[in-house]
Amino acid sequence: MAMVFTTAEQATSAGGVKVLTYGEAGVGKTMLLATAPVPLMISNESGALSLRKANLERLYGVGNPHITYNMPIIEIKTVEDLAEAHRWVTESNEAKGFHTIGMDSASEIAEVILNNAKRQVKDPRQAYGELIEKMETTIRSFRDIPNKHVLITAKMEPMKDEMSGVVKYAPSMPGAKLGHKLPYFFDEVFRLGINKTPQGESYRFLQTQPDLQYVAKDRSGALASIEPPILSAIFAKIMAA
């Protein structure tokens with residue numbers, strides 16, 4: 001059997017950048033995808049209103065060249081919808097025109113899978129076991145879409161370490177185990193947050209390195225610990241590193 005070799009540089013350039021981003025409700029996770037190169041959104045949330053041109057211009061300014069308006073959205077209501085969306089993205093000729101695939105959000109789509117599992121079993125514990133297995137498979141299948149950047153968003157929740165008692169904020173998923181595991185599937189994990197300047201003006205940022213409060217990581221080594229929330233610029237820095 002012949003061995004097939006690649007390099008880190010070849011793998012990144014061929015596969016695109018795969019990112020998990022989480023944050024509080026209302027911080028603008030949905031709008032973040034509009035800053036990615038030629039994006040397509042797969043969504044179970046009713047967050048499309050935030051993608052209106054007026055909202056994007058209010059947040060990113062008028063005429064910002066990094067913003068995509070009228071982004072196409074595939075709505076997910078059932079597990080079958082999710083499977084069909086993946087087939088379309090990976091197999092259709094139309095999908096070749098998109099450079100970034102976004103899932104908004106993994107937390108909501110996990111609820112779809114959980115509700116489907118609950119209808120099929122009598123014991124709720126079985127449903128959560130099925131959720132973990134199916135959601136891990138789903139996340140990996142979208143993360144590994146070739147020749148595309150991938151952004152997967154999630155809600156945020158506090159998680160307590162049972163050994164140390166330390167509380168950290170991390171991506172939120174149904175069940176006790178899935179949220180802890182989710183960051184391990186990605187090389188890039190960012191927290192989207194809001195802060196204020198000394199003058200009292202609000203600004204949004206992406207945290208790329210962990211601290212005592214928040215989970216984050218950047219395995220590319222190309223990013224500052226705090227980056228402006230413009231994915232096209234971030235992807236370019238990672239690909240050029």
Side-chain angles (χ1 to χ4, degrees), residues 8-24 26-43 47 50-73 89 96-106 142-154 156 171 183 185-197 201-211 214-241:
E9 286 77 10
Q10 290 170 337
T12 302
S13 62
V17 181
K18 319 298 184 179
V19 178
L20 170 67
T21 298
Y22 71 101
E24 295 179 287
V27 77
K29 298 185 295 296
T30 300
M31 287 187 281
L32 184 64
L33 184 58
T35 72
V38 197
L40 168 72
M41 178 184 290
I42 298 169
S43 177
S50 65
L51 295 172
R52 287 180 173 177
K53 184 176 181 181
N55 291 332
L56 290 169
E57 289 182 339
R58 174 180 55 80
L59 202 59
Y60 290 103
V62 177
N64 190 319
H66 296 291
I67 303 303
T68 297
Y69 301 105
N70 297 318
M71 185 196 319
I73 300 173
V89 166
K96 293 178 181 178
F98 296 102
H99 298 176
T100 307
I101 307 300
M103 179 189 289
D104 184 58
S105 73
F142 278 92
R143 178 201 63 187
D144 296 337
I145 293 173
N147 305 313
K148 306 284 186 188
H149 302 301
V150 175
L151 170 70
I152 295 181
T153 70
M156 183 173 76
F185 297 150
F186 296 87
D187 289 333
E188 307 295 322
V189 178
F190 305 151
R191 174 180 76 97
L192 181 60
I194 298 178
N195 210 339
K196 288 190 175 183
T197 66
E201 297 179 356
S202 296
Y203 67 93
R204 296 158 70 251
F205 64 90
L206 287 171
Q207 177 181 342
T208 71
Q209 297 294 332
D211 59 21
Y214 299 100
V215 171
K217 63 178 173 180
D218 165 37
R219 285 185 175 166
S220 75
L223 305 179
S225 58
I226 298 295
E227 290 279 352
I230 303 292
L231 290 179
S232 57
I234 287 175
F235 292 168
K237 288 178 72 171
I238 292 174
M239 299 294 283

Would you please name every residue forming a side chain to side chain contact (heavy atoms under 4.5 Å, CB included) with [X], sequence neighbours left out?
{"X": "F185", "answer": "E136, I139, R140, R143, L182"}
{"X": "N195", "answer": "Y203, F205"}
{"X": "V89", "answer": "L40, I42, I101, I145"}

Name every donor-acceptor pair, under 3.5 Å, that has one atom in a side chain of residues 229-241 and the other anywhere in the protein, sequence neighbours excluded.
from	atom 1	to	atom 2	distance (Å)
S232	OG	T35	O	3.3
S232	OG	H66	ND1	2.8
K237	NZ	E227	OE1	3.4
K237	NZ	E227	OE2	2.7

May I have all residue pairs that pass salt bridge (charged side-chain N to carboxylate O under 4.0 Å, His left out) and include part of residues 60-70, sequence neighbours excluded?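 As it turns out, there is no salt bridge (charged side-chain N to carboxylate O under 4.0 Å, His left out) pair with a partner in residues 60-70 once direct neighbours are skipped.
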Listing request: all salt bridge (charged side-chain N to carboxylate O under 4.0 Å, His left out) pairs with a residue in residues 217-226, at least two apart in sequence or in separate chains.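 For residues 217-226: D187-R219.
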Which side-chain N or O atoms in residues 54-62 pair as donor and acceptor under 3.5 Å with protein atoms at least two apart or in another chain?
from	atom 1	to	atom 2	distance (Å)
N55	ND2	L49	O	2.9
Y60	OH	R204	NH1	3.0

For I194 and S202, which heavy atoms make the closest approach, and how far apart are they?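 Here I194 and S202 meet closest at CG2-CB, 4.2 Å.
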Answer whether the closest heavy-atom distance between the side chains of [X] and [Y] falls below 4.5 Å.
{"X": "T100", "Y": "V150", "answer": "no"}
{"X": "Y69", "Y": "L51", "answer": "no"}
{"X": "V215", "Y": "P210", "answer": "no"}
{"X": "E188", "Y": "T208", "answer": "no"}
{"X": "D104", "Y": "L151", "answer": "no"}
{"X": "F190", "Y": "L20", "answer": "no"}

Quick one: does [X]'s side chain have a donor or acceptor within less than 3.5 Å of a partner on [Y]'s backbone?
{"X": "K29", "Y": "E24", "value": "yes"}
{"X": "T21", "Y": "T153", "value": "no"}
{"X": "H149", "Y": "G16", "value": "no"}

Can you name the ring pair (Phe, Tyr, Trp, His ring centres under 6.0 Å) partners of Y214, sequence neighbours left out?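 Residues passing ring pair (Phe, Tyr, Trp, His ring centres under 6.0 Å) with Y214: Y169.
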Verify side-chain contact (heavy atoms from CB on, under 4.5 Å) between M41 and T30, making sure each step is shown before the conclusion. CA-CA 9 Å; M41 178 184 290; T30 300; 3.4 Å; yes
R191 vs L206, side-chain contact (heavy atoms from CB on, under 4.5 Å): CA-CA, chis, key distance, verdict: CA-CA 5 Å; R191 174 180 76 97; L206 287 171; over 6 Å; no
Looking at residues at least two apart in the chain, or sitting in another chain, which of them share a side chain to side chain donor-acceptor pair (under 3.5 Å) with D211?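 Partners of D211 under the side chain to side chain donor-acceptor pair (under 3.5 Å) test: Q207.
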Report the distance from atom CG of N70 to atom CZ of R52, rounding to the nearest 0.5 Å.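 The CZ atom of R52 is 11.5 Å from CG of N70, to the nearest 0.5 Å.
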